[in-house]
Amino acid sequence: MKQMPICTPAESGSSSKAWIVHSLVAGVAIAAAVGAHFVFANRLLGLGKFRSRVVGIIPARYASSRFEGKPLAQILGKPMIQRTWERAKLATTLDHIVVATDDERIAECCRGFGADVIMTSESCRNGTERCNEALQKLEKKYDIVVNIQGDEPLIEPEIIDGVVKALQGAPDAVFSTAVTSLKPEDASDPNRVKCVVDNHGYAIYFSRGLIPYNKSGKLNPKFPYLLHLGIQSYDSKFLKIYPELPPTPLQLEEDLEQLKVLENGYKMKVIKVDHDAHGVDAPEDVEKIEALMRERNLS
Ligand SMILES: *[C@@H]1O[C@H](CO)[C@@H](O)[C@H](O)[C@H]1NC(C)=O
Ligand SMILES: *[C@@H]1O[C@H](CO)[C@@H](O)[C@H](O)[C@H]1NC(C)=O
């Protein structure tokens, strides 16, 4: 069967040149639309590596409905926030790491083990807002902010570096994050967020439900389902506008903040990593982490 062209291609050499110019203009328009026009300015001015200045921010608050004082919980003799910070220190892409908190107890503890601390206001409604406030208060300018969840004490530094490099390598994206293989037992857990990506590794959608949904109504043992991990990095210009974007319908329905990014048409780069998610949500998770660390001879 003959393939029908969707539209007739232009014939002469001069018009193919016209197409190149046209696509260049379209490329600039698209990049500008996603707020990344400065990419081209940087390239034209020869300013070197794109989005090279990177800060890692660990947002930490004391109050928590499920686990009061969580960042200070002891895990094999060290506060959880210190464990997270020590892991982040091993990442090679971060120029600077700070803990952002509204609590003097957390701040004091962090200064004690040598971390830089930025005090943020109690009115921050979530970690993203806290990162944004901390970014504004930092003396130096940064191009990328990595939001490192304080309750993932076993986060691999390679994953931190991975999301940073993903954002540096995708100028049309304003956001990057990581996924890993979903375990079958997590398939119907709404607290385990699933993700689907396109052929180029950009996020299409996130859901608390199982996506994609097999026609049979059952889990397909052969499908490589993806579990979203909490780590994310943002273009710092995007981070400034992100909290102010009004809530969107899908975000509200699923209660997933990152959907706001996609619903507004921004691009999000996703990397797939090998990682056992061991977030600490409740006091009983501490023992699980400790057991795992003993098993792996981590101290
Ligand atoms: C659904 O899952 C089954 C395996 O359980 C697989 O054979 C099938 O291709 C999947 N897709 C559809 C549309 O059934
Ligand atoms: C975090 O706060 C901002 C408001 O600044 C809001 O837009 C966003 O949806 C919030 N995210 C969550 C998960 O509540």
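Each ligand, and each atom within it, is numbered from 1 in the order the structure gives.
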More than 12 heavy atoms of other groups within 6.0 Å of [X] [atom1]:
X	atom1	result
Glu108	CD	no
Asp274	CG	no
Gln136	CD	yes
Glu122	CD	no

Look at the aromatic rings of Phe175 and Phe238 and report parallel, tilted or perpendicular, splitting at 30° and 60°.
perpendicular
Sorted by chain and number, sequence neighbours left out, salt bridge (Lys or Arg N to Asp or Glu O under 4.0 Å) with Glu263 holds for none
Taking non-hydrogen atoms within less than 4.0 Å of ligand 1, which protein residues qualify?
Asn214, Lys215, Asn220, Pro221
